[in-house]
Structures are given as C-alpha cells and as structure tokens.
Protein chains: 2
Amino acid sequence: MISLEQNTNPDPSDFPSEIEGLRMTKQRREVLAVLLAERDHPTANDVFLRSQQRMATISLATVYNCLEALVSHNLVRQVNFERESSRYCPNLADHCHFQDEESGKIHDVVFKDGVKLEDILVLPQGTDINHLEISLKGHFGQSKNHKTP
Amino acid sequence: MISLEQNTNPDPSDFPSEIEGLRMTKQRREVLAVLLAERDHPTANDVFLRSQQRMATISLATVYNCLEALVSHNLVRQVNFERESSRYCPNLADHCHFQDEESGKIHDVVFKDGVKLEDILVLPQGTDINHLEISLKGHFGQSKNHKTP
DNA sequence: ATTACGAATTAGAATAATTCTAAATTTTGA
DNA sequence: TCAAAATTTAGAATTATTCTAATTCGTAAT
C-alpha cells in the first residue's frame, strides 16, 4: 500500500486509482496531495486556493465534495475549533489539536504512551465511542524536543 | 453567593443584580434561568423559544447577546459538536460531552478522580491551556449508576 | 472505436447559524 | 432630573457550507 505520509510533497498521479474503496479522481488526488504537502491545518477555502495553483479549473464545490469523500473514507480528518470553519488534517494517528491563540496556528498533540480514553472518563458501561474530538486553546510553550515545522 | 444549580427551577428575580461582574438584566436572568431549569443542552434558538414563554418580548438577538455575556463571564459554557449549532450548558464543573447518535441528546461526562490533562497529553513545556473541549459521539450504554434525567 | 451509463464536477443559488447595525429603550449615577 | 452609557431590539448582512441541475468524465460493453 502506498504510504500517505505528510511532508512528502507527493505527485498526485502516483496515488493508486482507488484507496480505501474510494475512487481517486484527478481532483481527489489533488486535494489529498495538498493536505499531505504541508502539516498545517487548512480550511476548505485554503485547500481550494492551493489546489487551484496546480489545477486551475477546480471549483470550491468540488473541494468540499472531495474533502467530504476523503473524510468519510478515513483518509483525512476534519478538525473543528468552536464555530470556526472546519480544517483538515491528514494525520491519521491518534491525536488531538492545540490552537495557539497568538498565531492561530494548530498543532497536533499526542497522548502519552498507553493512555486510553476509557481510563480517564466515567462512561456508563456499554457506551460505544465512534468519534472523539479534543480541542485545546492557549499559549504555546517552547520546548527543545517539540518540532515546529 | 447564590447557588446556580441545575434543576432548581429558579425564579429569575432571585438572582442578584450582578454576578461575576456581569450586570444581571431582566433578559440575562431569564436566559440563565432557562439554562438552569433543565439539564439538556439547548441551542440558542431553543433558549429563545423557552425564554419567550415567560417573556414574550425577548428577541433572538438578545438571547445571543445574553448567552455571549454569560459565557464570557463564565456563568455558562458553550458546547460544540462538529459544525452543529452551539449548545449551552450551565454545568461549570470540569466535564466533557457525549452525544448519543440515536437520540441526538447530549450527556455530561466527568473525568475519573484525579485525572489531569497534563497527565495524559504530550505538550511542549510552558504550554498554557486556556480552553479545552472534549466531544464524544457514539452509542450510549445503560448503566445502573448513570442517571438519565 | 463508439456508445451508454453512472459517477463526479461545476457554477451558482440556497440555506442557516450567527453577527452586525442603527434606532429605541432602559439603567446608572451625577 | 438629566445626560451618558449600556442594553435590547428588528431586521439586514455575513459567511461557511450544502444543494441543485446541468455538464463532463471515466469505464466498460458492444
């Protein structure tokens, strides 16, 4: 299987014709490539503007359609902060998001090793979680081992 | 200090004239009373409809204004699920939210005793969290000790 | 190749939650 | 009591997203 890694600046035409049961059209390839190219968290409109640079004819509606297709096939995650417009993230590893209030930039935050949600929340037994979103806001600290791309 | 507890069905006129530095106008009292009266998580429009029953002249714009005033003075919390319309919650205790996908209803979920966020996330040192939102979705289980109001 | 079919794309209109504006009203405090 | 400030109000404006209907594309069968 092709690796959908970030910061790889992939050539969209290298993607296979189908991923996770989703037919990879020209536009979907382009949108996915845009998301993989940078590890920021662009809005649909940001993605549209970037996609346009390589594919002048793509429309905003198509970008919305592609994003929704990619999200529903678990190739991309949708990220929400309060009522701000949705952002998109190709990092599929278990993580959550921190928004630095100074810059507005969003950073991926991972859980410490071995932490599971059921370990920290009081949920009635039998509860089945399909979807989880953790959004943090505040001031970002600087640390030697945290990479700011 | 007056106790702003839920399910108390308070008489809005019992609220003091100022809470947490916020002048309690007639409309703000009404909106706060609506939120305290039930432990569901109404949208702005729900709050508007309920407020109207006791105060026929209140406007939707005012409800939005009041909610924003109450939220910014930490008398009420704003709750977001993806891009759905915001909901409001008068429970100020540390907790997060679970939406049952069958009913759409939102339930408060608390952390297990002694769990702190810094304990479970890998954050660069010096990071200062001002705001945290955890939203879960899935199927609600039934448990003997979980109260469904 | 050509054709036919379903899927995807497109432009633009529609929607809906929220915010804004400006006028009217209420409250405060001198 | 009066002026200034704050709040409320109705309705217009905004904006992210979704919808609609027409067109185009891709594929696979003839």
Side-chain angles (χ1 to χ4, degrees), chain A residues 12-13 15-34 41-52 54-73 75-88 104 106, chain B residues 12-13 15-34 41-52 54-73 75-88 104 106:
Chain A
S13 61
F15 295 137
S17 68
E18 191 168 307
I19 309 181
E20 300 275 321
L22 179 69
R23 230 177 90 201
M24 291 305 288
T25 63
K26 207 149 31 92
Q27 288 84 346
R28 287 175 186 163
R29 281 165 216 269
E30 205 50 67
V31 165
L32 181 54
V34 161
H41 292 78
T43 63
N45 196 58
D46 293 336
V47 173
F48 171 55
L49 295 174
R50 293 180 199 174
S51 302
Q52 261 190 326
R54 307 187 85 214
M55 193 189 236
T57 60
I58 199 170
S59 74
L60 180 57
T62 297
V63 169
Y64 272 103
N65 290 342
C66 292
L67 288 170
E68 124 81 18
L70 294 168
V71 167
S72 68
H73 286 73
L75 295 172
V76 150
R77 282 179 55 188
Q78 189 168 7
V79 175
N80 298 294
F81 272 87
E82 323 228 284
R83 303 277 315 155
E84 292 172 29
S85 40
S86 286
R87 296 160 176 279
Y88 296 87
I106 289 170
Chain B
S13 61
F15 295 139
S17 67
E18 190 169 306
I19 307 182
E20 300 275 321
L22 178 67
R23 231 177 86 199
M24 291 306 286
T25 64
K26 207 148 34 91
Q27 288 82 349
R28 287 173 186 162
R29 280 166 216 269
E30 205 51 65
V31 165
L32 182 54
V34 161
H41 292 76
T43 63
N45 196 57
D46 293 336
V47 172
F48 171 55
L49 295 174
R50 293 179 199 174
S51 300
Q52 261 191 325
R54 308 186 85 216
M55 194 188 234
T57 59
I58 199 170
S59 74
L60 179 57
T62 297
V63 169
Y64 272 102
N65 290 343
C66 291
L67 288 169
E68 124 81 17
L70 293 168
V71 167
S72 68
H73 285 74
L75 296 173
V76 150
R77 283 179 55 186
Q78 189 168 9
V79 175
N80 299 293
F81 272 86
E82 323 227 281
R83 302 277 314 154
E84 292 173 29
S85 41
S86 285
R87 296 162 176 278
Y88 297 86
I106 290 170

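Just so it is clear, the structure is predicted and the values come from calculations on it, not from any experiment. Note on naming: letters A, B, ... go to the chains in the order of the sequence lines (proteins, then strands), and numbering restarts at 1 for each one.
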Over all heavy atoms of both residues, which pair between [X] and [Y] is shortest? Give the atoms and the distance, please.
X        : Y        : answer
Met24(B) : Leu32(B) : CE-CD2, 3.8 Å
Ala44(A) : Val63(A) : O-CG1, 3.6 Å
Arg29(A) : Ser17(A) : NH2-CA, 3.7 Å
Arg77(B) : Val71(B) : C-CG2, 4.4 Å
Tyr88(B) : Gln78(B) : OH-NE2, 3.5 Å

Describe the nucleic acid contact of [X] in one word from base, sugar-phosphate, nothing, applying a heavy-atom distance below 4.0 Å.
X        : result
Ser86(A) : sugar-phosphate
Thr57(B) : sugar-phosphate
Asn45(A) : nothing

Atom-pair distance ([atom1] on [X]; [atom2] on [N]), nearest Å:
X        : N       : atom1 : atom2 : answer
Arg28(A) : dT10(C) : CZ    : P     : 11 Å
Phe48(B) : dA16(C) : CZ    : C1'   : 15 Å
Gln27(B) : dT25(C) : CD    : C1'   : 10 Å
His73(A) : dA7(C)  : NE2   : P     : 13 Å
Glu82(A) : dT19(C) : CD    : C1'   : 16 Å
Met24(B) : dT28(C) : CE    : P     : 13 Å
Asp46(B) : dT18(C) : CG    : C1'   : 15 Å
Arg83(A) : dA16(C) : CZ    : P     : 14 Å

* Under 4.0 Å between a side-chain N or O of Thr62(A) and OP1 or OP2 of dT9(C)? -> no

* Arg23(B) side chain near dT27(C) phosphate (N/O to OP1/OP2, under 4.0 Å) -> no

* First encountered from the 5' end of DNA chain D, between Lys26(A) and Leu22(B) -> Leu22(B)

* To do: Extract, from 5' to 3' on DNA chain D, the first and final nucleotides lying under 4.0 angstrom from some heavy atom of chain A.
  => dA16(D) to dG26(D)

* Structure fact -> Comparing nearest nucleotides in DNA chain C, the 5'-proximal residue of the pair Ile58(A), Ser17(B) is Ile58(A)

* **pair Leu75(B)-Ile19(B): side-chain heavy atoms closer than 4.5 Å** => yes

* **Heavy-atom donor-acceptor pair, Arg28(A) side chain to Arg23(A) backbone, under 3.5 Å** => yes

